[in-house]
2 protein chains.
Amino acid sequence: MASHGARGRSGGRPTLEEVAARAGVGRGTVSRVINGSPRVSDATRAAVEAAVAELGYVPNTAARALAANRTDAIALVVPEPETRFFAEPYFSDMLRGVGAELSDTEMQLLLIFAGSDRERQRLAQYLAAHRVDGVLLVSVHADDPLPDLLVQLEIPAVISGPRSAAETLTSVDSDNYGGGRSAVEHLLASGRRTIAHITGRLDVYGAQRRVDGYRDALRDAGHKADELLIEPGDFTEEGGRRAMSVLLDRHPTLDAVFAGSDVMAAGARQVLREVGRRIPDDVALVGYDDSAIARHMDPPLTSVRQPIVEMGRAMIDLLLAEIADRRPAASRGLERRHAVLPTELVVRASS
Amino acid sequence: MASHGARGRSGGRPTLEEVAARAGVGRGTVSRVINGSPRVSDATRAAVEAAVAELGYVPNTAARALAANRTDAIALVVPEPETRFFAEPYFSDMLRGVGAELSDTEMQLLLIFAGSDRERQRLAQYLAAHRVDGVLLVSVHADDPLPDLLVQLEIPAVISGPRSAAETLTSVDSDNYGGGRSAVEHLLASGRRTIAHITGRLDVYGAQRRVDGYRDALRDAGHKADELLIEPGDFTEEGGRRAMSVLLDRHPTLDAVFAGSDVMAAGARQVLREVGRRIPDDVALVGYDDSAIARHMDPPLTSVRQPIVEMGRAMIDLLLAEIADRRPAASRGLERRHAVLPTELVVRASS
DNA sequence: AGGTACTGTGGGAGCGCTCCCACCAGTGAT
DNA sequence: ATCACTGGTGGGAGCGCTCCCACAGTACCT
């Protein structure tokens with residue numbers, strides 16, 4: 001830390017004007033240096049930087065926000081109660097990626113929970129006041145009014161997990177289609193013939209895409225379509241159990257199951273064990289998410305990993321671009337508004 | 001939501017001035033209404049509120065911050081890596097209490113991690129810019145420079161878990177002394193005669209206080225002091241194991257152990273089981289924190305519960321008071337700057 | 001009647017910045 | 001020599017509030 005001795009006589013924090021006086025330049029020039037404008041000579045820049053260091057100058061955020069009409073802050077909005085936020089590693093991974101990508105920036109991240117009605121109301125107020133330059137939206141339900149509110153308020157926003165193929169907001173997603181394909185292709189490659197699929201909630205776009213991947217992989221391998229091999233779950237363990245039972249009734253000879261989530265795979269595993277099917281000898285099992293459950297299952301579960309940390313990074317990249325684009329009334333294209341990141345199949349003993 | 005139809009012609013957000021014009025009053029009056037000043041007649045107030053609703057007026061935070069020199073935001077600073085934050089229920093409980101107490105307020109909460117050097121540097125910058133009105137400090141190590149920085153910058157702050165009896169910052173703590181006492185008194189009341197204590201890290205003030213409570217409870221019950229019954233752990237499971245071994249060597253006849261944390265109690269339990277002592281028949285065991293470990297231990301562990309959620313609330317109360325006090329150059333007393341909340345002994349099968 | 005004390009109100013000044021226009025060199029083309 | 005330009009700079013205007021002083025009106029004393 002530089003010496004903070006030479007403060008203004010007022011005893012308060014030094015202002016731009018004081019720095020300018022000290023450096024023997026004008027206010028505008030100091031502003032340019034602070035904001036990294038290239039149109040400043042090297043000598044002047046050095047003088048200003050020296051003055052800044054000597055006075056321990058730190059820009060006043062409020063004044064900057066007022067004059068420039070921006071806040072240098074973005075919000076990560078979690079439309080869930082805090083408890084779920086802490087329970088699920090998804091969020092902490094996401095936060096890690098977001099934080100990492102943001103640490104090169106002046107931007108500040110706000111974490112906002114909007115689980116209860118009360119919190120949602122506060123959030124609406126908050127957004128109406130434009131207290132952030134942009135919003136990151138995670139884990140949004142299909143019928144949530146939040147995205148529309150953001151569009152209406154013209155606040156740049158990026159959503160993780162688009163709500164449909166026609167998502168209006170800029171979005172980041174993992175390749176659910178490819179993830180589904182890779183799971184099935186892996187099972188086919190290891191010699192499985194009858195592969196069932198327990199889907200997630202089909203009102204979740206990502207779950208649909210996994211089904212698409214499942215279907216196409218089988219079709220491309222020359223299997224004829226059999227819709228009876230597909231049974232919807234609801235992302236819960238109980239849903240996994242139920243679906244597995246149904247599938248076993250319909251197809252007693254199935255030798256592989258691809259579950260749309262690790263949790264459902266855990267449910268399926270219970271049923272398989274109860275009826276005496278060995279994993280992977282009799283039935284191979286593949287999950288989705290590569291969560292802690294997958295690693296700790298007995299046997300360890302093959303699963304499709306989503307690059308959540310990277311998704312967080314990508315969300316920030318897109319959001320910052322969107323904010324920057326909006327600053328000048330630019331002619332914004334619709335190009336690359338939807339990022340899709342590759343998944344990775346993590347093979348373990350269950351398949 | 002009110003109709004947002006009648007915006008200013010500019011298309012932007014309405015300003016105080018526009019609301020004033022609409023209500024047929026002056027700017028100052030609107031400001032007074034917005035800020036809940038009592039010196040406004042009822043009729044005027046109603047007119048202004050109507051205008052606010054019609055225009056959908058929302059105050060501009062930046063302008064307010066600039067003019068009033070405050071931010072209406074406080075930070076919860078966690079000097080730990082994010083991973084620990086998510087792992088320990090302590091933080092989420094604390095956050096719950098803080099959030100609850102803050103929801104009646106206009107204040108906004110920022111969550112700031114300062115685990116890495118880089119993050120700490122950003123934080124220092126952040127605080128120097130006075131971007132928050134106050135700071136909540138949790139889980140601070142004894143040699144952390146952060147508290148001093150806050151004092152130097154004259155930023156109101158409240159610390160949870162004072163660093164010593166002479167803590168300079170306003171603090172909130174649970175009654176570690178009373179917690180220690182209650183554990184020992186409980187063991188005495190249930191007929192135990194030789195009660196050992198595994199302490200936490202003794203550079204942690206709270207751990208010392210628990211030892212004090214342990215000592216005084218025994219002394220008051222007429223036991224003569226025996227320092228050999230006290231063995232330091234370090235809050236880890238391994239430390240608990242080691243201390244338990246030492247204690248068993250020194251006092252093979254001990255019939256009770258009070259551990260300074262549930263984690264250490266878990267370590268102690270392992271050793272007791274290995275040497276064939278039954279819990280609670282041969283040795284009674286009491287832990288501290290009432291964590292998930294305590295509930296799931298076999299047998300379930302008697303433990304001292306700290307009112308963490310309430311501590312969060314208390315921190316906010318004290319911090320808001322401190323911020324309010326500072327606003328006018330008040331003659332601030334030093335009264336009640338250290339809140340101590342009662343603990344509660346949760347008796348389970350281990351004692 | 002004049003004074004004194006309120007209550008309620010209007011609006012100027014100013015918070016510390018960014019934006020932008022004006023301006024002053026220099027530089028090279030005409 | 002004149003006329004563009006261009007890189008570099010100073011400083012006015014203004015962002016939307018809060019603070020505070022001034023002042024009108026009313027009420028209650030002498």
Side-chain angles (χ1 to χ4, degrees), chain A residues 7-8 10-48 51-52 55-72 106 128-131 133 327-329, chain B residues 7-8 10-48 51-52 55-72 106 128-131 133 327-329:
Chain A
R7 285 281 172 76
S10 54
R13 297 161 51 197
T15 70
L16 247 206
E17 200 106 30
E18 287 168 23
V19 173
R22 176 103 182 188
V25 300
R27 198 172 8 87
T29 302
V30 176
S31 177
R32 254 159 273 163
V33 172
I34 300 292
N35 294 291
S37 156
R39 350 203 88 252
V40 180
S41 72
D42 289 348
T44 307
R45 179 183 310 276
V48 170
V52 165
L55 296 176
Y57 171 75
V58 180
N60 180 316
T61 332
R64 173 177 285 175
L66 178 58
N69 195 32
R70 62 192 158 94
T71 64
D72 290 329
E106 293 286 79
H130 285 262
R131 292 186 64 168
D133 292 341
R327 226 87 110 179
Chain B
R7 284 284 171 75
S10 53
R13 298 162 50 198
T15 69
L16 247 204
E17 200 107 28
E18 288 169 22
V19 174
R22 176 102 183 189
V25 299
R27 195 168 16 82
T29 301
V30 177
S31 176
R32 254 159 273 162
V33 172
I34 299 292
N35 294 290
S37 157
R39 349 204 88 253
V40 180
S41 73
D42 290 348
T44 307
R45 164 167 289 114
V48 170
V52 165
L55 296 177
Y57 172 75
V58 180
N60 180 317
T61 332
R64 174 178 283 176
L66 178 59
N69 196 31
R70 62 192 159 94
T71 63
D72 290 327
E106 293 286 78
H130 285 261
R131 293 187 63 169
D133 292 341
R327 225 86 110 179

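So that the names make sense, note that chain A is the first sequence line, chain B the second, and so on, each numbered from 1.
A 4.5 Å side-chain heavy-atom check between B:Asn60 and B:Thr15 finds every atom pair outside the cut-off.
The two residues A:Thr71 and A:His130 have their closest heavy-atom pair at CG2-O, 3.6 Å. Closest approach of B:Val48 and B:Ala23 over heavy atoms only: CA-CB, 4.0 Å.
Each salt bridge (charged side-chain N to carboxylate O under 4.0 Å, His left out) pair with one or both residues in residues 55-64 of chain A, not counting sequence neighbours, would appear here, but there are none. Contacts classified as salt bridge (charged side-chain N to carboxylate O under 4.0 Å, His left out) and involving residues 28-44 of chain B (residues at least two apart or in different chains) are not found.
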query: How would nucleotides 9-19 of chain D be written as a contact map, 5' to 3', with B for base contact, S for sugar-phosphate-only contact and - for no contact, using protein heavy atoms under 4.0 Å?
result: BBBBBBBBBB-
